[in-house]
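The structure appears right after this line, and notes come after that.
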Amino acid sequence: MTQASAAAPNTLTYPFDGVPAGGEVRSVAPGVGWIRMPLPFALDHINLWLLDDGEARTVVDTGFGLDPVRAHWETILVRDTRPLSRIVVTHCHPDHLGLASWLAKRDDAPITMTQGEFLAGHAIWNQMPGSGVADMIEQFRSNGLDDTRLEALHERGNGYRRGVPALPSTYHRLFDGSVLRIGGNDWRVIVGYGHAPEHASLYCETLGVLISGDMLLPRISTNVSVYAATPNDDPLGWFLDSLQRFKDLPDDTLVLPSHGHPFRGIRARIAQLEAHHRERCDALLGEIGTPRSAGELLSTLFPRELDTHQVMFAMGEAIAHLNYLVARDEARKVAGQDGIIRFARRSA
């Protein structure tokens, strides 16, 4: 690392104005195209990436299973008729995995992802024990979520299948440190934890580009949740530990996130995220002098109106922050006679 790159700036920089229109591929680096697709949520978009691969192209993430997303893909694929050589999926969430099977069928392109994401996608899609809606509702009930919101989550049902109409039955497995040769460039896999079971980011040293997926977002904090199958996990700790893997990259690396705008300033963003989560934890500590449940603490972390989709993520994140405090002996769990799990400061 050079002396100039050793000192991280305290702000992020955004090298591109505006965003690609639907069906447009905007060049952000040699052989790297930026695509933006719609999402049916408050977070209304996802960034996808199209990499030149000689006489073919590689797709990184695929979008939510919506007809407008398929239509944009048709426009893109008709405009450049080179076949798809590979579909890389950073992780199993519907906006990333959603249309992987549909795209792969066009040119019999292999789907490439980590084993953790492949298996997690199948577990959620098929509502396996610990990964189904009923398990999530019972988890949230035991963590103090009110009946009105629980009923709304029940009525919502398995939203995962709406975003992922079909799942692949085979895949090419990625590991941390795996190298994908695409268009004459090497892309190294950096696996991260906390947001998803085994999230794969891609780094190309030659181009100075990191496709960060959801591990590094420029303006919002990645959701980090505790799931019903593993109620005592510490995903926030795993996420913060995973961020350290990116600190060794040059700070002028162009980061291509799944949401928001491409940016530079990796270490500044990591410092912001670390400070954000510490502030959230301190806010919770200030509220649990008397034992309180995650459901009671939602407004502490999210002081705004939440729709049902957002409640699902908010509850998972509230439990994650409280579990983080327990794992570091700053808080303790208190099991009530009513079956509700509450948390209290260690000093309380």
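Within the 4.5 Å cutoff, side-chain heavy atoms of Ile270 are placed close to those of Leu216. For the pair Trp34 and Val32, the minimum side-chain heavy-atom distance is 4.5 Å or more. Side chains of Leu236 and Cys281 form a contact here, defined as non-hydrogen atoms less than 4.5 Å apart. Annotation: side chain of Ile190 is not in contact with side chain of Met215 (no heavy-atom distance under 4.5 Å). Side-chain atoms of Val311 and Phe302, non-hydrogen and from C-beta on, never get closer than 4.5 Å to each other. At a threshold of 4.5 Å between non-hydrogen side-chain atoms, the residues Thr90 and Trp49 do not count as touching. A heavy-atom distance below 4.5 Å is not found between the side chains of Val224 and Trp238. For the pair Leu99/Met37, no side-chain contact is recorded, criterion being any heavy-atom separation below 4.5 Å from C-beta on.
Here Arg82 pairs with Asp52 in a salt bridge; the nearest charged N to carboxylate O distance falls below 4.0 Å. The residues Glu330 and Arg328 are annotated as not salt-bridged, no charged nitrogen and carboxylate oxygen being separated by less than 4.0 angstrom.
Put simply, the side chain of Arg264 gets close to the backbone of Asp252: a donor and an acceptor are under 3.5 Å apart. Without hydrogens or angle criteria, Thr230 side chain to Val226 main chain gives no donor-acceptor distance under 3.5 Å. Distance alone, capped at 3.5 Å, is enough to place a donor-acceptor pair between the Arg57 side chain and the Asp80 backbone. The closest donor-acceptor contact from the side chain of Arg267 to the backbone of Lys247 lies under 3.5 Å. A distance-only check finds a donor-acceptor pair linking the side chain of Asp307 to the backbone of His309 [under 3.5 Å]. A distance-only check finds a donor-acceptor pair linking the side chain of Ser142 to the backbone of Gln139 [under 3.5 Å]. Judged by distance alone, the side chain of Ser258 and the main-chain N or O of Gly213 form a donor-acceptor pair under 3.5 Å.
Under the 4.5 Å side-chain heavy-atom criterion for Ile, Leu, Val, Met, Phe, Trp and Tyr, Met312 and Leu301 are members of the same hydrophobic cluster. If you chain together hydrophobic residues whose side chains sit under 4.5 Å apart, Tyr14 and Leu210 fall into the same group. Linking Ile, Leu, Val, Met, Phe, Trp and Tyr residues whenever their side-chain heavy atoms come within less than 4.5 Å places Phe64 and Trp102 in a single cluster. Under the 4.5 Å side-chain contact rule for hydrophobic residues, Val164 and Leu119 share a cluster. Cluster annotation: Tyr324 and Leu243 are assigned to the same hydrophobic cluster (Ile/Leu/Val/Met/Phe/Trp/Tyr, side-chain heavy-atom contacts under 4.5 Å, transitive).
Listed by first and then second residue, the side chain to side chain donor-acceptor pair (under 3.5 Å) pairs involving residues 143-155 amount to none (not counting sequence neighbours). Sorted by first then second residue, the side chain to side chain donor-acceptor pair (under 3.5 Å) pairs that include residues 105-130, not counting sequence neighbours, are Glu74-Arg106, Gln115-Arg173. Applying the side chain to side chain donor-acceptor pair (under 3.5 Å) rule to pairs touching residues 203-229 yields His91-Asp214, His96-Asp214, His195-Asp214, Asp214-His259, Ser221-His277, Asn223-Ser225, Asn223-Glu317, sequence neighbours excluded. Counting only residues at least two apart or on different chains, the salt bridge (charged side-chain N to carboxylate O under 4.0 Å, His left out) pairs with a member in residues 118-139 are Glu138-Arg141.
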request  = Mind running side chain to side chain contact (heavy atoms under 4.5 Å, CB included) on His261 and Asn47 for me, showing each step along the way?
outcome  = CA-CA 9 Å; His261 290 228; Asn47 300 321; over 6 Å; no

Derivation and outcome, side chain to side chain contact (heavy atoms under 4.5 Å, CB included), residues Ile182 and Arg86 = CA-CA 9 Å; Ile182 303 172; Arg86 182 191 289 114; 3.3 Å; yes

message = What verdict does the side chain to side chain contact (heavy atoms under 4.5 Å, CB included) test give for Leu43 and Ile220, after you've listed the backbone C-alpha separation in whole Å, the side-chain angles of each residue and the deciding distance to 0.1 Å?
response = CA-CA 10 Å; Leu43 180 60; Ile220 61 174; 4.2 Å; yes

key: Test side chain to side chain contact (heavy atoms under 4.5 Å, CB included) applied to Trp187 and Leu51, step by step   = CA-CA 11 Å; Trp187 293 81; Leu51 309 181; 4.0 Å; yes

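Atom CZ of residue Arg36 and atom CG of residue Asp44 lie 7.5 Å apart, to the nearest 0.5 angstrom. Distance check: Glu274 CD to Phe239 CZ gives 9.5 Å after rounding to the nearest 0.5 Å. We find the CG-NE2 distance between Leu284 and His321 to be 7.0 Å, quoted to the nearest 0.5 Å. A distance of 10.0 Å separates OG1 of Thr62 from CZ of Arg70, quoted to the nearest 0.5 Å. Note that the CG atom of Asp95 and the NE2 atom of His45 stand 10.0 Å from one another [nearest 0.5 Å]. To the nearest 0.5 angstrom, Asp176 atom CG is 13.0 Å from His199 atom NE2.
With sequence neighbours left out, Arg292 forms a side-chain hydrogen bond (donor to acceptor under 3.5 Å, both in side chains) with Glu287. Partners of Asp241 according to the salt bridge (charged side-chain N to carboxylate O under 4.0 Å, His left out) rule, which considers only residues two or more places apart in sequence or in another chain, do not exist here.
The shortest heavy-atom contact between Leu50 and Ile35 is CB-CD1, 4.0 Å. Minimum interatomic distance between Tyr160 and Gly121 (heavy atoms only, all atoms of both residues): OH-CA, 3.4 Å. Across Gly265 and Leu12, no two heavy atoms sit closer than the pair O-CD1, 4.0 Å. What you find for Leu306 and Ala314 is that their closest heavy atoms are CD1-CB, 3.8 Å. When all heavy atoms are compared, the tightest approach of Pro218 to Phe263 is CB-CD2, 3.6 Å. Taking every heavy atom of both residues into account, Ser85 and Thr58 meet most closely at OG-OG1, 3.1 Å.
No more than 12 heavy atoms of other residues, nucleotides or ligands shown are found within 6.0 angstrom of CD on Glu55.
The side-chain contact (heavy atoms from CB on, under 4.5 Å) test with Val89 singles out one residue from Val60, Asp61, Leu174, Val59, and that residue is Asp61.
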